[in-house]
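All remarks here apply to the structure that follows.
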Amino acid sequence: MPMSKSSAQFSQYPQHHPHDHGRAFQRRHAATATTTAIPLPDADDAYTIAHHGKQVRLGPVVFWIVVGTVVLLGLWSAATATYFAFRDDVLTRLIARQAEMQYAYEDRITELRAKVDRTTSRQLLDQEQFDQKLDQIMKRQTALESRATALGAMPDVTGSIPRATPQRGDASQGATQGTPKPSPISDTVIFVAPPDREARLESRAPAVMAPPTNQFAKNQGFDNVLVRLTSSLDQVERRQMASLSAVEEGMDSRMRRMRGVVSDLGLNLANLEAAVPRAAMGGPFVPVKLTANAGPFEKQLNRINIARAELDRLNRTLALVPYRKPVIGEVEFTSGFGVRSDPFLGRPAMHTGLDFRAATGDPARVTASGKVVSAGWSGGYGRMVEVDHGNGLSTRYGHLSEINVKVGEIVKLGQVVGLVGSTGRSTGPHLHYETRIDGEAVDPQKFLRAGVRLSAG
């Protein structure tokens, strides 16, 4: 089907004549086959399609539309064929790609979930640890408060001798205020209680309030709060332990001095303890024991309680030792123990006691607990009271203007046994005071110095 581009009036085609009907077939076929389109110059471009003697004339626009359509159909056919040929592979790859993306998303989601779970678990663990720490701090604070209560219940370790004494020279005021106890020979020495007041004040101070236990510990601020709380409780505990140590050390020191005084005086401590009158007490014996989980504070407190019991026993024992002053106020001797010139005869004579300067009517107090064995006129003593303290210890109070006790009466430390006077062999109002061991007079200053030593701590 040859195609040529030419003008319509110049195209030449073989003419069919009726007389050529009988010509050979080869001739017509050859003539037809050899027919060609000879392009002639013309202004109008056209495409002529000839096939088996038939001609179709096409314009350029229509021609290219047809060509484009054929090309598009060819491309579409090729694409369709390619699609059907490779459809399975493409679908497989698309499905694999989709599955890979799905798996990637699922892995990412799983990873994020795991991360969230780890974060939640870590937060829950942090909250649990925070609650545990806070609970421990609250328990510790409760324990410290109970310790503070125990410290607050501890009495002042001052023995059986009251710390408060009347003012110097105020004898009349002291007489109207009950029965004040005699102070040691030196009025400047007082009994000092162990420094446990600071611990009590510290323990009663409210601790820093902790945040609620249900508050979530999200940042480092809560850890700082816990650290500050722990530091504050540590400081309170250290002060409490220091107070206990001071109390225990003070008790031990005082007990050592008390035993040393008894030894220096040449007395037998066991005999003195045996002579201590027993009060009406009783009950089943329950040994002191600590719990298995007792800490240092409880152990030290137990030692202090045991030491306090021992100290009380020593105080009751030393209550029978006459180491206090028989008068209140400034200590001034008009005559000491030993050889002196007799005030009446002017010859050397033995003075068996101490003469304390005092005014008529001043109270004379017993220097140790005991039993009155003599109360009346006794020669040169004038009106005299003698008290037996047990274990051979006794004291005498002479030249009294008035006697306030009777024979057989049990007197307590500091009790007024009479009033100062000038009866008997006396040149003026004063108190003649004697200390005797097994009936032999000994220097009372030995006992008074022991009292100063005991009051020094």
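All values below come from the heavy atoms of this structure, side chains included, with hydrogens, waters and symmetry mates left out.
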Taking [Y]'s backbone N and O only, do any of them form a donor-acceptor pair with [X]'s side chain (distance below 3.5 Å, no angle check)?
{"X": "Asn391", "Y": "Leu393", "answer": "no"}
{"X": "His389", "Y": "Val321", "answer": "no"}
{"X": "Gln415", "Y": "Lys412", "answer": "yes"}
{"X": "Thr110", "Y": "Glu106", "answer": "yes"}
{"X": "Asn315", "Y": "Leu311", "answer": "yes"}

**Report entry** Residue pair Asp362, Val327: steps toward the side chain to side chain contact (heavy atoms under 4.5 Å, CB included) verdict
**Finding:** CA-CA 8 Å; Asp362 287 349; Val327 293; 5.9 Å; no

Requested in this report: Name the orientation class of the two ring planes belonging to Tyr433 and Tyr397 (parallel below 30°, tilted from 30 to 60°, perpendicular beyond 60°).
Outcome: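 It falls in the tilted class, 30° to 60°.
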
With side chains defined as the heavy atoms from C-beta onward, is the minimum distance between [X] and [Y] less than 4.5 Å?
{"X": "Leu354", "Y": "Gln445", "answer": "yes"}
{"X": "Arg256", "Y": "Ser253", "answer": "yes"}
{"X": "Leu265", "Y": "Ile437", "answer": "no"}
{"X": "Val373", "Y": "Ser394", "answer": "no"}
{"X": "Met241", "Y": "Phe297", "answer": "yes"}
{"X": "Leu72", "Y": "Trp76", "answer": "no"}
{"X": "Val387", "Y": "Val366", "answer": "yes"}
{"X": "Asp443", "Y": "Thr435", "answer": "no"}

Requested in this report: Mind running side chain to side chain donor-acceptor pair (under 3.5 Å) on Thr395 and Glu434 for me, showing each step along the way?
Outcome: CA-CA 5 Å; Thr395 53; Glu434 291 185 8; over 6 Å; no

Measuring from [X]:[atom1] to [Y]:[atom2], what's the distance to the nearest 0.5 Å?
{"X": "Asp252", "Y": "Glu249", "atom1": "CG", "atom2": "CD", "result": "8.0 Å"}
{"X": "Arg365", "Y": "Leu413", "atom1": "CZ", "atom2": "CG", "result": "10.5 Å"}
{"X": "Leu301", "Y": "Leu244", "atom1": "CG", "atom2": "CG", "result": "6.0 Å"}
{"X": "Leu318", "Y": "Leu269", "atom1": "CG", "atom2": "CG", "result": "7.5 Å"}
{"X": "Asn271", "Y": "Thr317", "atom1": "CG", "atom2": "OG1", "result": "11.0 Å"}
{"X": "Arg254", "Y": "Leu314", "atom1": "CZ", "atom2": "CG", "result": "9.5 Å"}

**Report entry** Salt-bridge present (Glu310, Arg259; N to O < 4.0 Å)
**Finding:**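 Result for this pair is yes, salt bridge flagged.
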
Query raised in the report: Counting heavy atoms not belonging to Arg303, are there more than 12 under 6.0 Å from its CZ?
Result: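 Correct, the count exceeds 12.
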
Of all heavy-atom pairs between [X] and [Y], which one has the smallest distance, and what is that distance?
{"X": "Met251", "Y": "Ala307", "value": "SD-CB, 3.9 Å"}
{"X": "Phe447", "Y": "Pro322", "value": "CB-O, 3.2 Å"}
{"X": "Gly390", "Y": "Asp388", "value": "N-OD1, 3.1 Å"}

Query - Stepwise side chain to side chain contact (heavy atoms under 4.5 Å, CB included) check, Val411 with Val405 - result: CA-CA 8 Å; Val411 292; Val405 294; 4.0 Å; yes

Report task. Check the pair Val417, Val385 against side chain to side chain contact (heavy atoms under 4.5 Å, CB included), reporting the backbone distance first and the verdict last. Result -> CA-CA 7 Å; Val417 295; Val385 173; 4.2 Å; yes

Requested in this report: Quick one: do Asp264 and Arg449 satisfy salt bridge (Lys or Arg N to Asp or Glu O under 4.0 Å)? Show the steps, please.
Outcome: CA-CA 11 Å; Asp264 293 342; Arg449 284 192 293 267; over 6 Å; no

**Report entry** Working for side chain to side chain donor-acceptor pair (under 3.5 Å), residues Gln132 and Gln136
**Finding:** CA-CA 6 Å; Gln132 290 177 354; Gln136 292 176 358; 5.6 Å; no

Requested in this report: I would like to know whether Ser243 and Arg239 meet side chain to side chain donor-acceptor pair (under 3.5 Å); could you show each step before the answer?
Outcome: CA-CA 6 Å; Ser243 299; Arg239 291 187 178 181; over 6 Å; no

Report task. Check the pair Arg316 / Asp312 against salt bridge (Lys or Arg N to Asp or Glu O under 4.0 Å), numbers first and verdict last. Result -> CA-CA 6 Å; Arg316 289 194 302 269; Asp312 290 340; 5.4 Å; no

